[in-house]
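So the structure is just underneath, and the comments pick up after that.
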Amino acid sequence: MPSLKDVKTKIGGVKKTAQITKAMNMVAAAKLRGAQQKMEDFRSYAEKFNAAMGNLSSAMDSGAFPLMEKREVKTVEILVVTSDRGLCGSFNAHIMKMTDRLIASLEAQGKKVSLVCVGKKSISYFRKTGKVRQRYPDLMGTFQMFNARAIAQELAANFLAGDSDEVRIVYGKFKSVAVQRPAEQMFLPIQPSEVSAATPSAAAGSYIYEPSTEEIMEVLLPLYMNVMVYHAMLEVSASEHAARMSAMDNATNACKDIIHSLTLIYNKARQAGITAELMDIVGGAEALK
Amino acid sequence: MAEKLKLEVVTPKGAVVSQEVDIVTAPGYGGEFGVLANHAPFLSTIKTGVLTYKTGTQEETLMVSGGFCEVSNNKLTFLVESAERGADIDVDRAMRSKERAEKRLAQAQAQKENFNRTRAEAALQRALSRLKVAERGKAS
């Protein structure tokens, strides 16, 4: 039987923990709202961009661009996007697991794998594998487009230099506040089929292009990569906050359960103490008779 | 003027402008171009510079950087990396970045570094357009 004081201190401690997790839950909720707003803002841009890309690629013959060139795949680069902080349930672990699986299956096919990690969690997880080529900590939560641009440029430069023949992105997709799933996406070479799948407009051919379609494409393709990387980062940060929100909610509930059972123990111990004292008094009075 | 066209300026941070206008002048790939209602379908890349649009007698200017625009069915959509109104521009900061860019440009030219030079040029271009927009915003 734990002593009364022990139980009391423990209840106090758990209560404090519950307070913290509750606060973190609320912070995550506020941040989630911000991230979702950003996603909302970005969506119109991305949609219009995809539509324009669709128009363009249907108007020209693709394959003439180094960024779209399909090569025999020897080295695959994976861009892993995770959060910077933990305490968000299994969100990051799922992304890591998916990446691990991907690496294993690629290596089984005799391909080399290198990693570019965004977010501290993936950096520390993959540090010991020796596959990490570039790392970008402390970027999440800033939502700056130029961060995404730097990453996209790095990936493209490596691809164009022939050091990687294929680039994929693994990130956490935001399905809803309750559901976040790791997802994998092809990044480079850019696939025209995927691009034109948006909305091929009927009047695609009748546009006046200035400069030529090819030159426009040369400007648009890098922008398109920025859009993809930025999109992945937005998804991850929204998912991170959503995951943290539910994780902290669970933690608060668990704290409540523990407090409940500890209170039972405490009351039992108190009752036992009182009973023992009563017995003593009764025993003493009996002896005096 | 009876016919208007719908102007939309969209950045990754959301729409900046979405309204009916009479005329739009924008910095295109081959120099400035103007768009009126019933323009033929048109697609052009946009350089860093000043975008002007007019509704009636009211003229507005925006600083835009890098992107492209699409004209179709009296709808004009600009997809740019950033767009700022004159009132939102910090003139001091733009001045400072202009000086910084000029210095860097001179440095890069001296060392014949192409990469830094293009970057400095882009930064200078941005700073100059910002200043221009800020100035016009004050004048009107």
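Quick note: numbers below take in every heavy atom, side chains included, and nothing from hydrogens, waters or symmetry partners. Each chain gets a letter, A, B and so on, in the order the sequences are listed, and its residues count up from 1.
Neither the backbone nor the side chain of A:Arg43 comes within contact range of chain B; no heavy atoms are under 4.5 Å apart. If you measure heavy-atom distances from A:Leu223 to chain B, the contacts under 4.5 Å come from the side chain alone. Within the 4.5 angstrom heavy-atom criterion, only side-chain atoms of B:Phe68, from C-beta onward, approach chain A. Residue contact with chain A, scored on non-hydrogen atoms closer than 4.5 Å, involves the backbone and the side chain of B:Thr45 alike. Using a 4.5 Å cut-off between heavy atoms, B:Ser82 makes no contact with chain A at all. With a 4.5 Å cut-off on non-hydrogen atoms, A:Tyr230 touches chain B through its side chain but not through its backbone. In this structure, no portion of A:Gln37 lies under 4.5 Å from any heavy atom of chain B. Interface remark: A:Leu220 contributes side-chain atoms only to the contact with chain B (heavy atom separation under 4.5 Å). The part of B:Val80 that comes within reach of chain A is its backbone (N, CA, C, O), which places non-hydrogen atoms under 4.5 angstrom from that chain.
Using a 4.0 Å cut-off between charged side-chain N and carboxylate O, A:Lys48 and B:Glu70 make no salt bridge.
Closest approach of B:Ala40 and A:Ile208 over heavy atoms only: CB-CD1, 3.8 Å. Taking all atoms of both residues into account, the shortest heavy-atom contact from A:Asn226 to B:Glu81 is ND2-OE2, 3.8 Å.
Environment of CZ in A:Arg85: sparse, with no more than 12 heavy atoms of neighbouring residues, nucleotides or ligands closer than 6.0 Å. Within 6.0 Å of CZ in B:Arg85 there are more than 12 heavy atoms belonging to other residues, nucleotides or ligands. Residue-environment remark: CG (A:Asp163) exceeds the threshold of 12 foreign heavy atoms within 6.0 Å. By the neighbour-count criterion of 12 heavy atoms within 6.0 Å, atom NZ of B:Lys103 is sparsely surrounded, having that number or fewer from other residues, nucleotides or ligands.
Partner A:Ser44 forms a side-chain contact (heavy atoms from CB on, under 4.5 Å) with one of B:Thr77, B:Val10, B:Leu79 and no other, that one being B:Val10.
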